[in-house]
Amino acid sequence: MEIFQAKPHNMISSKRFTTLFLVLFISFPVAVIVFSMYPNSTLAVFEVFSQAREAGKSDQNATTIGSQLGGRFHNISDDNLRRVGAAEDRAATSGVEGKVERGTTLNVTSELLTGEPNGASGGSELGGTGTVQNVRHDRLGGKEGNNNSVSSGVTELQGRYKKHRATEGRTKNITTKDGGLKNGSLKSSKNESFPRVNMDNRGEVLGGLLTLGFDEASCISRVQSHLYRKVSPHKPSPYLISKLRNYEQIHTKCGPNTRAYDRSMTKIERSNDNNATATTCKYLIWTPVNGLGNQIISIAATFLYAILTDRVLLVKFGKDKHDLFCEPFLNSTWILPEKSPFWKENHIQTYQILLEKDNASNSKSVLFINLQHSYSSPEKKFHCDHRQDLIRKIPLLILRSDQYFVPSLFMNPLFNEEINKMFPEKDTIFHHLGRYLFHPSNEAWKLIRRYYQEHLAKADERIGIQIRVFNAVSTPQQAIMDLVLSCTLNRKILPKVDLQTSTSSVGKNETVKAVLVASLYEEYGDNLRRMYQKKPTASGESIEVYQPSHERKQMINDDKHNLKAWMEMYLLSLSDVLVTTSLSTFGYVAQGLGNLKPWLLYKLVSNETHFPPCEQDFSLEPCYHDPPKHYCDGKPLKDFASSFSSLKKCKDFSFGVKLVDDST
């Protein structure tokens, strides 16, 4: 019997076999994981390699592959790009994220690019295929990795997409003909989704005002809002940024749902009634009063005071405000828990009692301070040095205010020095703090963004007109309308109509101005719209008038009313030119957020008029309607504005003061 003998060259050595086994043992699970995580990306790369071989280009490297995929983005027609929104909405409904972040996969399907299901379009713009093209990239913009061409293609696609989204409103059923909310409803389509923004660029846009690290999906307006307004020329100072970062650390450590918060609050609650307790954290609870405009400007002032005194700001928000704003502080909340024993202000020591004792060691651990406009009390001097020494040791302050009391803080030398370092431009305090604190919630942002795209985005110029009627009975409606027209026409904010020419025969210069009217009364928007519908403008410009809502009366602590009010404040802040009513805090919020010096409509009382009908304000800041009337030593203060170079009397209220820029 012949015995087969294997020759050495026909055998695999045990050493080689071991090496091969180890390689397969390591690479196989890795390959399985990669294929399971990115099946489409892998197939797309194989597909491109296959196409390259067929064309005789088997030596293409990864950069060339990226160029080929990137080139496909350049070949997408603008007509097909308009359909991106619909595909994006369908993706959002099915739970698919269109998110582009570092280290993630950008899914570009034929449906997304052409508006047709995969394969239905024949793939004419996808290189003859209807399959999914997935590109792995590290940074939008292509500065990292070997995929610059892919990233540049992605960047152009997103840029063109944003351009179309900004100029074409797709939602047809949320507004009526005049741009009003249908049946007063504020419900938005669940299919609405939003273009994503490179998080790394946001810090540059806002000059480092906002910290990074927030979950993008939790507050879309935080990363998108700057796309809808002009870049602010006012950059936050490095010192302000450092103070904000320091405050954020304190809030993260001492905010609700932390061990420090629980310990401090328990200690305060159990403290001896006649002795203030030392705690790890100190708090400042803001409580609401009056309308939303008053509340927003007073929150900003209270936040500045919290920064100056190293206290944690907590806001007492009822259900009427839960859907208005995003959380402003990373990994924490600023909302006072409803279960807090300090939700109610019963049996809490008042500021006046503290002054009578004149000794903080004999005071309680909680102090109530009332800074309302109509409240006449010693609280008006709470900012003074001696008073602050008494307050400093008290761990919990509860502050009620409807005023922008920032100017009064300048009377304290320590506060004055700190504010000057934080805000070299004094008239930008609310502008910076407002943009830092008040980001529309996702629900509010959908309404704002969709209304803007539907009615305002296509305009060459956006004009906001806010009409506040303080007393509808004593103020004739026609007198207010005459005042609005006198201001806007004489100041050339709006063009005059041509009474001699019909709308059909006039030639147009193709300039479109969109006018957003914010008022509780629909008559003002209707009258302005009819005026421009009946007769053409003398300049040939096209005027479109929109009014989102008309509630007839202001409602306090109403969630739907507040949502509409916040939406309109924000839309007004996106204007190029703003006209507001004197004394109205609604307008103060819009002008501060939008970096606008508005034209002030002077208040009408009965049939009396003020000439001129309007004047342009000199500052972005809100007016402080109730400034101190005494120096800290008790002497009468006849002219508060003249005591500080950074203060002037308000144009719309002679007894009020506002901050101006004294740096130039």
Side-chain angles (χ1 to χ4, degrees), residues 243 246-247 249-251 253-256 258-289 298-316 334-337 339-372 375 377-401 403 405-406 408-409 411-416 418-419 628 632:
K243 294 292 285 186
N246 179 69
Y247 174 84
Q249 292 180 0
I250 296 174
H251 198 104
K253 174 186 175 183
C254 297
T258 64
R259 184 176 298 178
Y261 173 87
D262 293 338
R263 287 178 176 176
S264 296
M265 285 298 185
T266 300
K267 200 171 183 180
I268 293 170
E269 186 181 6
R270 295 176 180 176
S271 64
N272 189 303
D273 287 347
N274 296 319
N275 192 11
T277 302
T279 58
T280 304
C281 306
K282 295 189 295 182
Y283 297 92
L284 177 59
I285 297 175
W286 172 89
T287 60
V289 64
S298 67
I299 289 175
T302 306
F303 178 57
L304 178 58
Y305 180 67
I307 293 175
L308 293 170
T309 56
D310 292 326
R311 293 181 179 272
V312 174
L313 172 65
L314 300 175
V315 292
K316 184 180 173 183
W334 68 338
I335 298 177
L336 177 70
K339 295 181 180 179
S340 168
F342 306 110
W343 185 264
K344 296 183 179 180
E345 298 151 14
N346 300 334
H347 309 297
I348 294 176
Q349 175 182 235
T350 64
Y351 184 79
Q352 189 167 359
I353 294 176
L354 172 68
L355 295 182
E356 291 173 357
K357 293 181 178 180
D358 202 34
N359 190 339
S361 62
N362 293 327
S363 66
K364 297 181 181 180
S365 295
V366 185
L367 178 66
F368 177 75
I369 301 174
N370 194 334
L371 297 180
Q372 281 185 258
Y375 194 74
S377 72
E379 266 92 332
K380 302 302 182 187
K381 294 192 291 184
F382 91 102
H383 49 268
C384 295
D385 267 349
H386 175 60
R387 310 297 168 83
Q388 285 299 311
D389 288 338
L390 296 176
I391 294 173
R392 191 172 291 114
K393 296 180 181 179
I394 299 176
L396 177 60
L397 303 180
I398 299 177
L399 188 147
R400 177 188 295 164
S401 176
Q403 290 292 300
F405 57 86
V406 170
S408 67
L409 300 177
M411 295 184 71
N412 184 304
L414 180 60
F415 294 166
N416 192 325
E418 284 291 292
I419 295 173
C632 289

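Throughout, numbering of the chain's residues begins at 1 and tracks the sequence.
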T280 and K253: side-chain contact (heavy atoms from CB on, under 4.5 Å), yes or no, with the steps? CA-CA 10 Å; T280 304; K253 174 186 175 183; 4.0 Å; yes
Is there a side-chain contact (heavy atoms from CB on, under 4.5 Å) between F342 and L314? Walk through the geometry before answering. CA-CA 11 Å; F342 306 110; L314 300 175; over 6 Å; no
Intermediate values then yes/no, side-chain contact (heavy atoms from CB on, under 4.5 Å), I419 and L304: CA-CA 9 Å; I419 295 173; L304 178 58; 4.2 Å; yes
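- Counting heavy atoms of neighbouring residues, nucleotides and ligands inside a 6.0 Å radius, atom NZ of K243 exceeds 12 of them.
- Distance check, rounded to the nearest 0.5 Å: CZ of R270 to OG of S365 gives 13.5 Å.
- Of all the heavy atoms in P337 and Y261, the pair that sits closest is CD-OH, 3.4 Å.
- A distance of 6.5 Å separates CG in L308 from CG in L409, rounded to the nearest 0.5 Å.
- Partner L284 forms a side-chain contact (heavy atoms from CB on, under 4.5 Å) with one of V315, I398, T302 and no other, that one being T302.
- Residue R392 qualifies as enclosed at atom CZ: its count of foreign heavy atoms under 6.0 Å is above 12.
- Side-chain atoms of F415 and T309, non-hydrogen and from C-beta on, do get closer than 4.5 Å to each other.
- Of the possible polar contacts, none joining the R311 side chain to the I285 backbone as a donor-acceptor pair under 3.5 Å is found.
- Here L396 contributes atom CG and Y283 contributes atom OH; the two are 9.0 Å apart, rounded to the nearest 0.5 Å.
- Atoms CG and CG, on L367 and L399 in that order, are 9.5 Å from each other to the nearest 0.5 Å.
- Among residues two or more places apart in sequence or in another chain, the salt bridge (Lys or Arg N to Asp or Glu O under 4.0 Å) test is passed with K282 by none.
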Steps toward side-chain contact (heavy atoms from CB on, under 4.5 Å) verdict (R400, V289): CA-CA 7 Å; R400 177 188 295 164; V289 64; 4.1 Å; yes
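- Heavy atoms only, all atoms of each residue included: L313 and A306 are closest at CB-CB, 4.2 Å.
- In terms of heavy atoms, T266 sits closest to D262 at OG1-O, 2.7 Å.
- At least one side-chain heavy atom of N246 sits less than 4.5 Å from a side-chain heavy atom of D310.
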With ring-ring contact (aromatic ring centres under 6.0 Å, His included) as the criterion, how do F303 and Y247 come out once you've worked through the C-alpha distance, each side chain's angles and the decisive distance to 0.1 Å? CA-CA 10 Å; F303 178 57; Y247 174 84; 5.1 Å; yes
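- Under the 3.5 Å distance criterion, the side-chain polar atoms of K316 are left unmatched by any main-chain donor or acceptor of P288.
- If you take OG1 on T287 and CD1 on I369, they are separated by 10.5 Å, rounding to the nearest 0.5 Å.
- Listed for the S298 side chain is a donor-acceptor partner under 3.5 Å among the backbone atoms of S401.
- Between the CD1 atom in I268 and the SG atom in C281 there is a gap of 9.0 Å [rounded to 0.5 Å].
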